[in-house]
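To start, the structure under review is shown below, and the notes come after it.
Both ligands and their constituent atoms are indexed starting at 1 by order of listing.
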Amino acid sequence: MPASSLQQSGPFGSLDEYLKAREWLVNAEKAHGYEGLVQRTTLEAKAEDIIQRLKEWEDKNIYGVKSDGSGHEAGHRFFHGLDLVPDSKLFDIAIKAPKGCLLHCHYDCLLPPDTALSDARNQPNLYIKCDVPLVSEGLFAYALPQFDVFSQDIHLTESTNLFSKAYVAGSWMRYSDFLSKFPGGAEKAESWLYKRMVLQPDDAYHPKQTVNGIWQQFIRAVTVIRSMFGYETAYREQFRRVLWKFAQDGIMYAEIRVALNYGFSIKSDDGTRQLKQKEALEIFQQVLKEEVPKIHAAGHVFYGVKVIYACMRSSSREAMLWCMDNCIEMKQLFPDLICAFDMQGQEDTGHPLSYWVSDLLAMRAKITALNLDLPFIFHAGETLDHGGETDSNLYDAILLDTKRIGHGFSITKHPLLMQICKERQIAIETCPISNEVLGLVPTTKSHHLPVLLANCVPCTVNSDDPGSWKASMLSHDFHQAMMSSENMSLMGWRTLAEWSISYSCVGAATKEKMLSDYGKRWTEFCQWIVDVHGKA
Ligand SMILES: O=c1[nH]cnc2c1ncn2[C@@H]1O[C@H](CO)[C@@H](O)[C@H]1O
């Protein structure tokens, strides 16, 4: 707080004097945060006022806590409010909002599996296996299904029939047989599979849940869904759909973390060929070439996507070293597509960055010698730890010159590191809904985004794994961020979106153009708010 604020404290000669000092203090604190950067046009001020009024109204009328204490608070728990969101005008506004760039998301978890499940019906070579036979309610609840495609026929016998007591765990059953033999039929089968891939409210909120517990469930869900995209057509069509969903949700560009782990492969549809990192990236490049012009033709402002090469932080050293070299190789082959390197997987249970420091320093030396533009963008501080090994990832991320920080949830307990992020322009990629569903905060209201904004630490809003909890690409997170804090405003959305452009990996000229495109869309958006919602 500036020293001058002290001069504003008492003793006060009158109520009027006190109220003036109070107003000054509130405004001084606002100016300390992102509001200090904001200048409103008349149109923006009008639109902003409409949004604030809508927030209050919706909090009482759409959400609302009843006199007996039951009900849902807006911006509180994502799953509790999910069914109410469609009734919200503010959600409609969030969908329309131009959002800038999505800088933190994971490819496998971008979309819920609806379309993948319908595509799977048409894959004759697709097989399914489980770790237990599906012969009792308990085993249905426990089982982990996985998919793969095979070129040779695997006949249906008692030992490959998932619904037989004689099923040998891990044996493959043709998916079409699985659908027809599932108790209650194909629709029941798909809804059973769906629940294995998408987290449910009880997974997130049951009273004995822990961070490790929900992560174990999340990893299981990812294992199922990832195996569903394990063949070429599914992998490609998923990417095509993702691009359209981004554009339709007001995202102008994205950087996607793709798990290109050691041992990564997808198969050709007929199961005869294995496609590795290079072939997967070729698929992305090809789809971008085909789809971006169509997305433009449909009237969207869209700058495509780049890939953050990501591998598991729990890897063996041998696997990690292979990935580091492979990442450099892929950067040379796909200089415009690969934009950074990261490690992913649960931070608390994986190796901390300190474990990898010498390898990362050697990787950096190679990158510099090759004159490549390949920054690190590390996950760090996605933890409840404070002062321990996981939390200390923040120190290493900063010392290793991370371009941004993924999550940075624990950084608000490190004022010096927040200050450094401000000075060195390291943006924090926050993920409000993800942090709530995966157990870091019991409510979005205690998320660190408002703290970062109040300190004017550059940050962005991201969806992380929206498909894993049936959220949209970014609208739900924008909406949740808006509803969870009084201090979040329309100009907060604008600030976050402009930061997402400024801290992205695109070149300076493209950034300029994006900012200018954004400005135009934003003005249209504010006008729309005033025209459509201003009269109510
Ligand atoms: O919030 C996150 N922090 C770290 N890793 C994550 C997060 N969300 C997803 N993944 C990683 O991405 C994989 C899917 O591609 C997940 O298995 C998980 O390892």
Side-chain angles (χ1 to χ4, degrees), residues 78 102-113 116 144 146 196-199 203-204 211-212 214-230 234-235 238-239 242 254-264 266 277 280 284 307-315 319-320 323 340-353 376-385 390-391 393-394 397 402 404-410 428-441 447-449 460-469 471 473 477:
F78 169 69
L102 173 58
L103 299 181
H104 191 115
C105 63
H106 297 263
Y107 181 59
D108 300 311
C109 311
L110 276 167
L111 290 174
L144 182 73
Q146 279 178 270
R196 316 252 91 59
M197 293 186 256
V198 175
L199 294 176
D203 298 332
V211 175
N212 282 358
I214 186 68
W215 262 90
Q216 278 168 24
Q217 265 169 299
F218 174 54
I219 296 297
R220 285 169 71 86
V222 176
T223 306
V224 186
I225 208 163
R226 183 181 285 167
S227 74
M228 252 208 136
F229 302 132
Y235 203 74
Q238 171 80 349
F239 192 64
V242 158
E255 292 174 11
I256 310 179
R257 281 159 166 94
V258 183
L260 294 172
N261 302 316
Y262 180 75
F264 167 92
I266 47 176
Q277 283 83 350
F284 286 169
V307 168
I308 300 178
Y309 190 113
C311 43
M312 299 305 286
R313 64 186 326 118
S314 56
S315 302
M320 185 61 82
C323 284
F341 176 79
D342 187 19
M343 294 178 185
Q344 67 181 18
Q346 191 189 357
E347 258 184 89
D348 291 304
T349 56
H351 294 300
L353 286 173
F376 296 139
I377 303 183
F378 289 126
H379 277 80
E382 186 190 9
T383 180
L384 291 175
D385 179 33
T390 314
D391 177 44
N393 280 339
L394 288 168
T402 195
R404 302 188 299 263
I405 292 177
H407 292 277
F409 176 77
S410 65
I428 315 291
E429 303 161 349
T430 75
C431 307
I433 295 173
S434 168
N435 294 157
E436 193 243 299
V437 172
L438 295 178
L440 295 189
V441 284
H447 193 249
H448 63 313
L449 174 66
T460 59
V461 166
N462 303 274
S463 52
D464 204 11
D465 310 294
S468 298
W469 35 84
M473 285 300 187
D477 281 275

Are any of the heavy atoms in [X] under 4.0 Å away from ligand 1?
{"X": "His407", "value": "yes"}
{"X": "Trp215", "value": "yes"}
{"X": "Arg226", "value": "yes"}
{"X": "Met312", "value": "yes"}
{"X": "Phe218", "value": "yes"}

Validation row, ring centre His407 to ring centre His448 under 6.0 Å: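 His407 vs His448: aromatic centres not under 6.0 Å.
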Within the 6.0 Å centroid threshold, strictly below: Phe239 and Phe229: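 Centroid separation for Phe239 and Phe229: 6.0 Å or greater.
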Which heavy atom of the protein is the closest neighbour of [atom], given with residue, atom name and distance?
{"atom": "atom 5 (N) of ligand 1", "result": "Gly345 N, 2.9 Å"}
{"atom": "atom 9 (C) of ligand 1", "result": "Asp465 OD1, 3.2 Å"}
{"atom": "atom 15 (O) of ligand 1", "result": "Asp108 OD2, 2.7 Å"}
{"atom": "atom 17 (O) of ligand 1", "result": "Val222 CG1, 3.6 Å"}

Atoms in ligand 1 with a heavy atom of His379 nearer than 4.0 Å: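 So the answer, numbered in order with elements, is 2 (C), 3 (N), 4 (C), 5 (N).
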Element-labelled atoms of ligand 1 that are located less than 4.0 Å from some non-hydrogen atom of Ile219: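 Numbered from 1, ligand 1 contributes 17 (O).
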Atom CZ of Phe264 with >12 non-hydrogen neighbours under 6.0 angstrom: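 Count over threshold, so yes.
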Donor + acceptor pair across side chains of Thr383, Asp391 (<3.5 Å):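 Note: Thr383 and Asp391 side chains miss the donor-acceptor criterion.
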Side-chain donor-acceptor pair present, Gln346, Asn212, cut-off under 3.5 Å: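 The answer is yes; a qualifying pair exists.
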Among His106, Glu382, His104, closest by any non-hydrogen atom to atom 11 (C) of ligand 1: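 Considering heavy atoms of His106, Glu382, His104, the nearest to atom 11 (C) of ligand 1 sits in His106.
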Ligand 1 N/O within reach of Asp464 N/O, cut-off under 3.5 Å: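 There is such a contact, yes.
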Minimum heavy-atom distance Asp203-Ile214, with the two atoms named: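 Distance-wise, the nearest heavy atoms are O-CD1, 3.3 Å.
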Donor-acceptor contact present, side-chain Glu347 to main-chain Gly381, <3.5 Å: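 Yes, the answer is positive, given that a donor and an acceptor are paired below the 3.5 Å cut-off.
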Option passing side chain to side chain donor-acceptor pair (under 3.5 Å) with Gln344 (candidates Arg313, His106, Glu382):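 Answer to the side chain to side chain donor-acceptor pair (under 3.5 Å) test with Gln344 among Arg313, His106, Glu382: His106.
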Test item: Tyr262 and Cys311 side chains (from C-beta on) under 4.5 Å apart, heavy atoms: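 No. Closest side-chain heavy atoms not under 4.5 Å.
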